[in-house]
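Note on naming: letters A, B, ... go to the chains in the order of the sequence lines (proteins, then strands), and numbering restarts at 1 for each one.
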Protein chains: 2
Amino acid sequence: MAGAAPNIRDVAQRAGVSTATVSRTLAHPDKVREDTRQKVMEAVEALGFVPNDRARVLRRQSSQTVILLVRDISNPFYLDVYKGVEEAAFDAGYKVLMGDARDDDERISHYIEAVRERHADGLILMIGRLPDRFGEDPARLPPIVVASEAIRTIDVPTVKVDNVAAARAAVEHLIALGHRQICHIAGPLDEYLGEARLEGYRAALAAAGIGDDPGLVLAGDFSLGAGHDLVADLIARGGTFSAIFAASDQMAIGAITALRQRGLRVPEDISVVGFDDTLIASMVDPALTTIHQPRRDIGFAAMTMMIERLSGVVTPTDRVFPTELIVRNSTRPLGRTHPRQERGHR
Amino acid sequence: MAGAAPNIRDVAQRAGVSTATVSRTLAHPDKVREDTRQKVMEAVEALGFVPNDRARVLRRQSSQTVILLVRDISNPFYLDVYKGVEEAAFDAGYKVLMGDARDDDERISHYIEAVRERHADGLILMIGRLPDRFGEDPARLPPIVVASEAIRTIDVPTVKVDNVAAARAAVEHLIALGHRQICHIAGPLDEYLGEARLEGYRAALAAAGIGDDPGLVLAGDFSLGAGHDLVADLIARGGTFSAIFAASDQMAIGAITALRQRGLRVPEDISVVGFDDTLIASMVDPALTTIHQPRRDIGFAAMTMMIERLSGVVTPTDRVFPTELIVRNSTRPLGRTHPRQERGHR
DNA sequence: CTGAAAGCGCTAACAG
DNA sequence: CTGTTAGCGCTTTCAG
């Protein structure tokens with residue numbers, strides 16, 4: 001069993017130099033003479049020295065770490081955003097930790113507290129609201145950037161897409177196919193994201209002169225289970241519709257499962273449009289018509305903004321990314337039962 | 001704009017006590033007189049003091065944090081294990097961070113290094129191998145516990161299920177239904193998990209006197225995409241089989257998608273068995289026959305072992321949890337096309 | 001019950 | 001190019 005872990009003093013002693021020189025050798029190798037560096041590196045090697053990050057972080061007053069707090073870690077959408085965040089972080093020597101909010105105030109508070117306690121330098125939020133007490137005193141909030149969502153109670157830099165326009169494009173696609181009874185599986189309606197996509201849905205209906213049927217708007221939480229349960233309920237209640245626009249691919253896929261379980265075929269009986277264009281959208285059968293969001297770019301931009309914010313030299317400004325309607329096989333003209341040619345599978 | 005964050009000295013000054021008393025008040029409120037506590041809490045409140053965790057961690061030589069490193073964060077299996085880990089951690093005042101290995105040596109090394117640098121106190125691994133260089137000198141590894149998997153190159157406490165027996169039970173179920181041409185979508189065959197389940201598959205075939213066809217064993221990585229692509233390939237190559245045993249639910253679901261895209265129905269044409277019994281298994285259509293693993297218990301046990309290991313008083317010993325075959329609607333007697341009564345949906 | 005004082009291990013001026 | 005030195009902010013003996 002080896003003894004206690006060696007510290008920088010042990011290395012300095014063994015190499016016959018000062019601790020400052022050891023520190024310098026490790027952090028700025030070009031600032032020490034070649035033979036000194038060699039002596040130090042030998043001692044480091046021999047002792048198996050690993051610098052203690054705890055001490056470094058305390059001294060530097062920065063952990064070079066950012067927490068990415070997502071709404072629901074089981075939604076693959078966030079994983080792709082995470083990759084973009086990580087990429088930007090790596091380029092700048094930052095680390096990224098991911099947290100799962102699970103739509104739970106306690107968990108959200110926990111992560112905010114962690115940053116206030118300097119566990120990390122900043123927080124990238126992918127959630128739609130903050131526990132009330134954090135709205136009170138903005139000065140007590142740590143550095144925050146919001147990605148993909150928007151939080152109305154605080155004023156922080158945000159990167160997202162034009163959700164209203166995107167939702168509208170999705171519903172216009174269905175209308176162009178002849179659908180008029182269109183169900184919307186929405187996000188939480190007291191949050192920006194749910195509201196914006198609902199607004200786009202309504203705008204498309206209104207422009208086509210279709211009166212909107214409140215019974216066809218169902219609020220979910222973007223999860224697979226919500227999509228499934230809401231549609232199962234709607235069918236049980238006897239709701240009639242020929243198409244569904246879901247505010248996430250996950251809900252769209254859950255909806256398709258529920259439809260199948262009731263003997264309804266997609267797209268022959270019901271057309272379905274999702275949102276996000278996650279990888280799974282092109283892998284399910286039928287491949288999902290959906291709205292593409294540049295997930296990686298959103299993550300990259302959010303982390304870049306965070307770094308700007310932390311460096312203090314720049315006040316980042318909001319960014320809006322474009323979206324694109326991707327038509328695959330889950331939508332079909334009303335009443336038509338012959339398939340279009342397949343495309344879009346991986 | 002508030003000034004710099006207040007530290008414990010500011011609080012002490014304002015409350016008219018020493019920093020030791022402030023520290024005590026926050027950590028052991030019962031060890032200070034009532035009125036002193038009140039004065040201190042007032043100052044804390046007024047200043048908005050948040051103790052700096054960086055300093056605390058350095059002083060205590062423990063961050064009360066553990067990293068859970070998983071094979072692939074997009075597999076929901078790990079999320080449920082994570083919940084168990086988190087539960088045990090919370091009870092003991094620990095924090096949990098999740099890392100994604102993505103089957104990449106560099107990423108794995110990165111997380112091991114993070115722990116060696118004392119970013120966290122220990123590492124719970126849910127991966128099947130370590131980069132070679134870590135096998136060399138076990139003394140240089142941080143405290144490790146392995147969950148659900150097993151790593152042959154290092155000797156560390158492990159919690160898992162009897163994978164051989166579980167896989168055997170799955171395949172015996174298919175054999176009992178009359179299937180004899182059974183494809184196995186395995187895990188990586190140079191790792192314990194892939195190997196153990198393959199062994200169970202072979203044992204079941206051998207016991208039934210079925211010669212095994214190497215062309216029907218396909219090695220994947222437990223992911224949705226692997227299940228899809230391997231089965232698509234197999235069909236393209238003209239492989240014949242009436243059933244599939246996949247080493248994960250994700251691969252089973254990917255396989256079902258591939259089958260459907262080629263016009264094959266599940267379970268009418270092909271029976272499919274998964275492994276894990278993740279939530280999605282009961283939500284897909286058809287609901288998946290699969291092996292249930294007590295995911296939460298595995299996570300809870302792994303974290304409990306880690307805490308024992310870190311406390312130093314106990315050397316934890318390996319644990320093995322039981323599994324259970326859950327029969328749902330994705331398997332059917334060979335040649336039969338009428339459905340059994342549905343069950344197992346959420 | 002409370003205060004003084006000694007660090008945890010490292011980095012970054014500042015001198016030399 | 002290298003060493004000396006002064007902390008980062010907190011916790012915890014040890015006295016009182």
Strand-adjacent residues in residues 52-62 of chain B, judged by heavy atoms under 4.0 Å from DNA chain C: B:Leu58, B:Arg59, B:Gln61
query: salt bridge (Lys or Arg N to Asp or Glu O under 4.0 Å) with A:Arg71: which residues, sequence neighbours excluded?
result: A:Glu149, A:Glu191
- request: Answer yes or no: are there more than 12 heavy-atom neighbours, outside A:Arg107 itself, under 6.0 Å from its atom CZ?
  value: yes
task: Check DNA chain D against residues 35-51 of chain B and give the residues with a non-hydrogen atom under 4.0 Å, in numerical order.
output: B:Phe49, B:Pro51
- request: Let me know the distance between NE2 of A:His28 and C1' of D:dT2, rounded to the nearest Å.
  value: 14 Å
- request: Using side-chain hydrogen bond (donor to acceptor under 3.5 Å, both in side chains) as the criterion, list what pairs up with A:Arg9, not counting sequence neighbours.
  value: none
message: Any salt bridge linking A:Asp121 with B:Arg54? Criterion: basic side-chain nitrogen under 4.0 Å from a carboxylate oxygen.
response: yes
query: Got B:Asp100 and B:Ser74 here, is their nearest side-chain heavy-atom distance under 4.5 Å?
result: no
task: Apply salt bridge (Lys or Arg N to Asp or Glu O under 4.0 Å) to B:Glu42 and list each qualifying residue two or more places apart in sequence or on a separate chain.
output: none
- prompt: Does A:Gln13 CD have over 12 foreign heavy atoms under 6.0 Å away?
  reply: no
message: Test of understanding: with salt bridge (Lys or Arg N to Asp or Glu O under 4.0 Å), list the residues that count as partners of A:Asp10, not counting sequence neighbours.
response: none
query: Got more than 12 heavy atoms from elsewhere within 6.0 Å of CD, A:Glu106?
result: no
What protein N or O atoms touch nucleotides 14-16 of chain D N or O atoms at under 3.5 angstrom, if any, and at what distances?
none

message: If the threshold is 4.0 Å, N to carboxylate O, is there a salt bridge linking A:Asp105 and A:Arg129?
response: yes
- line: 5'-most to 3'-most nt of DNA chain C touching chain A (<4.0 Å, heavy-atom partner on protein side) reads C:dG9 to C:dA13
- prompt: Near DNA chain D, under 4.0 Å by heavy atom, which residues of residues 11-21 of chain A?
  reply: A:Val17, A:Ser18, A:Ala20, A:Thr21
- request: May I ask you to decide if B:Val156's main-chain N or O and B:Thr158's side chain share a donor-acceptor pair within less than 3.5 Å?
  value: yes
Partners meeting salt bridge (Lys or Arg N to Asp or Glu O under 4.0 Å) with A:Arg14 (sequence neighbours left out): none
query: To 10°, what angle do the rotation axes through the five end pairs on each side of the helix from C:dC1-D:dG16 to C:dG16-D:dC1 form?
result: 30°
- prompt: Starting at the 5' end of DNA chain C and moving along, which residue's nearest nucleotide shows up first, A:Arg9 or A:Val22?
  reply: A:Arg9
message: Heavy-atom count check: over 12 atoms from other residues, nucleotides or ligands less than 6.0 Å from B:Asp30 CG?
response: yes
task: Inspect the surroundings of CG in A:Asp155 and state if more than 12 heavy atoms from other residues, nucleotides or ligands are less than 6.0 Å away.
output: no
A:Arg118 to B:Ala5 - nearest heavy-atom pair and separation: NH2-CB, 3.4 Å
message: Test of understanding: with side chain to side chain contact (heavy atoms under 4.5 Å, CB included), list the residues that count as partners of A:Asp190, not counting sequence neighbours.
response: A:Pro188
field: Check ion pair B:Arg102-A:Glu86 (N to O, under 4.0 angstrom)
entry: yes
